[in-house]
Amino acid sequence: MTTFFAKAQDQERKWYIIDAAGIPLGRVATEAARILRGKHKPTFTPNVDTGDHVIIINAEKLLLTGNKLNAKLYRRHSGFPGGLKEIPYKKLMKTMPERAMEHAVKGMLPHNKLGAQMYTKLKVYKGESHPHQAQQPEVWTIQ
């Protein structure tokens, strides 16, 4: 018996489109991370990027359950003393809803060079339009 190891150059990359309208942020993020990582394929190998490209549309129509819209904070730090910036998710969802989705998906990917490579295959858009029609993306439904 031999163990199968996928090779990055042998992978066929597909494009999937996820419509995030009316679906909770975490559900969309977990599915996107799963596709980016390649866990939906039988050839999944943890140390190789076997994932596909993901396009997320309607990011402004995401849901946050419970009181998260008011209580949850998006934090970033400039690296300088006193450089902590906090933005409530309510304001973030009005101004930059793409950033909220990108932040959620990035936290679910591996925190190394491989995760950074997977993250580059994520495209998030506010509305329904996107410039990736030439790639003929398939619709991915979330149950």
Side-chain angles (χ1 to χ4, degrees), residues 1-69 71-80 83-143:
M1 303 269 299
T2 58
T3 304
F4 173 77
F5 285 107
K7 294 176 183 67
Q9 65 268 19
D10 296 340
Q11 296 303 310
E12 184 180 323
R13 310 262 187 229
K14 284 185 164 184
W15 286 73
Y16 292 103
I17 189 164
I18 298 174
D19 188 1
I23 303 173
L25 173 70
R27 299 225 181 206
V28 176
T30 52
E31 281 297 310
R34 198 168 80 86
I35 297 168
L36 289 170
R37 189 112 197 262
K39 286 196 158 194
H40 65 291
K41 294 182 176 182
T43 59
F44 171 69
T45 306
N47 61 331
V48 178
D49 184 9
T50 58
D52 295 322
H53 296 267
V54 176
I55 304 164
I56 299 174
I57 58 171
N58 290 323
E60 82 261 354
K61 296 177 185 172
L62 280 171
L63 291 180
L64 283 170
T65 58
N67 195 32
K68 290 186 201 114
L69 197 61
K72 194 172 171 80
L73 296 172
Y74 172 73
R75 292 185 178 102
R76 59 192 166 93
H77 200 285
S78 67
F80 290 96
L84 180 67
K85 307 280 187 204
E86 291 183 340
I87 304 170
Y89 259 74
K90 191 171 201 168
K91 184 176 179 186
L92 185 68
M93 291 301 285
K94 283 183 182 174
T95 58
M96 299 174 283
E98 309 95 5
R99 176 128 350 135
M101 177 54 73
E102 290 167 356
H103 187 258
V105 173
K106 190 171 187 174
M108 295 179 186
L109 293 174
H111 302 291
N112 53 24
K113 290 179 185 178
L114 186 62
Q117 184 182 349
M118 292 173 186
Y119 179 68
T120 61
K121 296 182 301 193
L122 175 69
K123 313 291 182 212
V124 183
Y125 298 100
K126 250 185 192 180
E128 289 193 24
S129 62
H130 61 86
H132 305 288
Q133 291 298 336
Q135 283 74 28
Q136 300 170 345
E138 298 176 24
V139 176
W140 187 275
T141 56
I142 298 175
Q143 284 75 305

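Just so we're clear, the structure is a prediction, and the values are computed from it rather than from any experiment. The figures that follow rest on heavy atoms only: side chains count, while hydrogens, waters and symmetry mates do not. Positions are given from 1, in the same order as the sequence printed here.
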Checklist entry - Looking only at atom types and distance, does a side-chain atom of T45 sit under 3.5 Å from a main-chain N or O of T43, one as donor and one as acceptor? => result yes
Checklist entry - Nearest heavy-atom pair of E128 and I57: which atoms, and what distance? => result O-CG2, 3.9 Å
Item to check | Neighbour count above 12 (heavy atom, 6.0 Å) for F80 CZ | outcome: no
Checklist outcome for this item: The residue among K91, R75, R76 that forms salt bridge (Lys or Arg N to Asp or Glu O under 4.0 Å) with E86 is R75
Checklist entry - Just by modelled atom types, is the I87 backbone N or O under 3.5 Å from a matching donor or acceptor in the K90 side chain? => result no
Next on the checklist: In terms of relative ring orientation, are Y74 and Y89 parallel, tilted or perpendicular, with 30° and 60° separating the classes?
Outcome noted: perpendicular
Item to check | Lys/Arg-Asp/Glu bridge criterion (N-O < 4.0 Å) met for D52, K41 | outcome: yes
Item to check | K7, R37, K121 screened by salt bridge (Lys or Arg N to Asp or Glu O under 4.0 Å) with D49, the one that passes | outcome: K121
Next on the checklist: Would H53 and Q135 count as a side-chain contact (heavy atoms from CB on, under 4.5 Å) here? Give the steps.
Outcome noted: CA-CA 10 Å; H53 296 267; Q135 283 74 28; over 6 Å; no
Checklist entry - Side-chain contact, heavy-atom cut-off 4.5 Å: I18 with I35? => result yes
Item to check | Where V28 and A20 come nearest, the two heavy atoms and their spacing | outcome: CG2-CB, 4.1 Å
Checklist entry - What's the shortest heavy-atom distance between T50 and A6, and which atoms? => result CG2-CB, 3.8 Å
Checklist entry - Closest approach of N47 and L114, non-hydrogen atoms and distance? => result C-CD2, 3.8 Å
Checklist entry - When rounded to the nearest 0.5 angstrom, what distance separates OH in Y125 from CD1 in I55? => result 7.0 Å
Checklist entry - Looking at R34 and E31, does any basic side-chain N land under 4.0 Å from a carboxylate oxygen? => result yes
Checklist entry - Taking atom CG of L62 and atom CE of M93, what is their separation to the nearest 0.5 Å? => result 4.5 Å
Checklist outcome for this item: d(D19 CG, N58 CG) to nearest 0.5 Å is 4.5 Å
Checklist entry - OG1/T65 to CG/N67 distance, rounded to the nearest 0.5 angstrom? => result 10.0 Å
Item to check | Nearest heavy-atom neighbours spanning N112 and G115 | outcome: OD1-N, 3.0 Å
Checklist entry - Taking all non-hydrogen atoms of both residues, which atom of A33 and which atom of M108 are closest, and how far apart? => result CB-CB, 3.7 Å
Next on the checklist: Can you tell me how far apart NZ (K94) and CE (M96) are? Round to the nearest 0.5 Å.
Outcome noted: 13.5 Å
Next on the checklist: Measuring centre to centre across the rings, with the benzene-like ring taken for any Trp, is H130 within less than 6.0 Å of W15?
Outcome noted: no
Checklist entry - Which distance, rounded to the nearest 0.5 Å, do you find between the NE2 of H103 and the CD of E98? => result 15.0 Å
